[in-house]
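Following: one structure in structure tokens, then a few remarks.
What you see is a predicted model; the values in this text were computed from it and never measured.
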Number of protein chains: 2
Amino acid sequence: MVKRVSLWDSGCPVARSLDAIGDWWSLLIIRDAFDGKRRFGEFQQGLGISRGVLATRLRDLVTRGIFETAPASDGTAYREYVLTAKGQGLFPVIVALRQWGEEFLFGLGETHSLLVDRERGDPVERLSVRSADGRSLDWSDTQVTA
Amino acid sequence: MVKRVSLWDSGCPVARSLDAIGDWWSLLIIRDAFDGKRRFGEFQQGLGISRGVLATRLRDLVTRGIFETAPASDGTAYREYVLTAKGQGLFPVIVALRQWGEEFLFGLGETHSLLVDRERGDPVERLSVRSADGRSLDWSDTQVTA
DNA sequence: CAGTATCCCCCCTGATACTG
DNA sequence: CAGTATCAGGGGGGATACTG
């Protein structure tokens with residue numbers, strides 16, 4: 001994590017993002033946060049992660065400004081972990097991973113959870129990369145420049 | 001990787017995607033592939049990854065149907081690794097990671113690489129999650145259903 | 001319930017040497 | 001150049017026990 005310093009310094013935003021949240025657990029924790037989970041125990045139970053590892057991950061994510069802690073809303077003495085604006089900015093990442101999984105990793109018969117528009121209940125649209133003038137871009141229509 | 005079996009079986013596409021490409025190197029390799037790299041040495045040099053690890057990763061990714069091998073286009077005896085349709089489907093994931101990194105992980109003075117529309121040279125639009133009827137959705141406007 | 005502290009093991013990873 | 005084989009280390013991760 002603090003290991004691949006050269007990648008962080010590479011000037012590639014993808015590498016830097018992965019350095020921040022590309023470990024085994026972070027994105028799963030963040031997914032659960034988008035799902036409404038806030039408490040240590042909620043994350044721990046849902047993920048089957050050990051408490052020690054979860055505590056470390058949560059602390060790292062707070063340090064990185066992705067989560068912040070707040071007093072428990074139920075009046076108990078414990079903390080809650082809520083996503084900051086920076087953490088909420090990961091929503092498209094989670095959605096992109098979800099849609100790729102739905103499309104390529106499930107058999108036709110298999111069922112999976114679905115992300116829907118809360119207001120109308122319809123599934124959300126497939127993400128698409130668009131040009132400044134609104135055209136849908138394939139990866140081969142793009143290029144990385146310095 | 002084949003370790004978190006319970007997560008793969010959870011029926012959550014996010015978890016299943018992470019199980020497939022959520023390790024330390026896969027997404028970086030895939031990023032380089034989108035960048036036009038195809039040869040073992042190109043990946044190895046660009047990432048600073050050891051040959052052994054790269055060979056393992058590449059083999060896994062081929063097994064998972066994300067890359068496929070092709071004879072070298074320059075007539076040499078070696079293979080090239082090219083993204084399948086399934087691998088190309090990860091483009092929005094890479095773009096989402098890139099955009100998050102650009103927005104939250106770089107200081108104002110720092111420069112980073114940029115993804116542009118090849119045709120016009122303009123940066124691509126920020127990804128947005130949209131409802132079936134075209135509204136832009138915040139994460140709180142959505143919900144995961146069974 | 002929400003953590004922290006400790007121990008231990010596995011496997012990921014890098015380094016090196018070897019082959020086609 | 002493109003791998004494979006082998007070895008050694010280091011850290012992430014689980015299990016357990018303990019504390020507030």
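- The side chain of Tyr81(B) lies closest to dG3(D), out of dC1(C), dG3(D), dG20(C).
- With sequence neighbours excluded, the residues satisfying salt bridge (charged side-chain N to carboxylate O under 4.0 Å, His left out) with Arg38(A) are Glu80(A).
- Residue Val82(A) belongs to no hydrophobic cluster, having no ILVMFWY side-chain heavy atom closer than 4.5 Å to its own.
- In terms of the side-chain contact (heavy atoms from CB on, under 4.5 Å) criterion, residue partners of Arg79(B) (sequence neighbours excluded) are, by chain and number, Thr69(B), Tyr81(B).
- Between the C1' atom of dG12(D) and the CG atom of Leu47(A) lies a distance of 16 Å, rounded to the nearest Å.
- Evaluation of the ring pair (Phe, Tyr, Trp, His ring centres under 6.0 Å) rule for Tyr78(B) yields no partner, not counting sequence neighbours.
- Comparing the end axes of the helix from dC1(C)-dG20(D) to dG20(C)-dC1(D), each fitted to five base pairs by superposing C1' atoms of four pairs onto the next four, gives an inter-axis angle of 40° (nearest 10 degrees).
- In this structure, Ile29(A) atom CD1 and dG12(D) atom P are separated by 14 Å, rounded to whole Å.
- The stretch residues 37-46 of chain B has no heavy atom under 4.0 Å from DNA chain C, so no residue of it qualifies as close.
- The salt bridge (charged side-chain N to carboxylate O under 4.0 Å, His left out) test applied to Glu119(A) returns Arg135(B), not counting sequence neighbours.
- Here Ile66(B) contributes atom CD1 and Ser26(B) contributes atom OG; the two are 7.0 Å apart, rounded to the nearest 0.5 Å.
- If you take CG of Leu28(A) and C1' of dG12(D), they are 16 Å apart, rounded to a whole angstrom.
- One atom, CG of Leu54(B), and another, P of dA2(D), lie 10 Å apart when rounded to the nearest Å.
- Atoms CG (Leu58(B)) and C1' (dG3(D)) sit 11 Å apart, rounded to a whole Å.
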Set out, line by line, the N/O atom pairs under 3.5 Å between protein and nucleotides 13-16 of chain C.
{"residue": "dT13(C)", "atom": "OP2", "partner": "Arg57(B)", "partner atom": "NH2", "Å": "3.2"}

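- At whole-Å resolution of the value, CZ in Arg79(B) and P in dT4(D) are 7 Å apart.
- Judged as a side-chain hydrogen bond (donor to acceptor under 3.5 Å, both in side chains), the pairs with a partner in residues 100-110 of chain B (not counting sequence neighbours) are, in order, Arg16(A)-Glu110(B), Arg98(B)-Glu102(B), Glu103(B)-Arg126(B).
- In this view, Lys86(B) satisfies the salt bridge (charged side-chain N to carboxylate O under 4.0 Å, His left out) rule with no residue, not counting sequence neighbours.
- One finds the OG atom of Ser128(A) at 8.0 Å from the CG atom of Leu137(A) (value rounded to the nearest 0.5 Å).
- Residue pairs meeting the side-chain hydrogen bond (donor to acceptor under 3.5 Å, both in side chains) criterion with at least one member in residues 46-56 of chain A: none, sequence neighbours excluded.
- The stretch residues 38-67 of chain A participates, sequence neighbours left out, in no ring pair (Phe, Tyr, Trp, His ring centres under 6.0 Å) pair at all.
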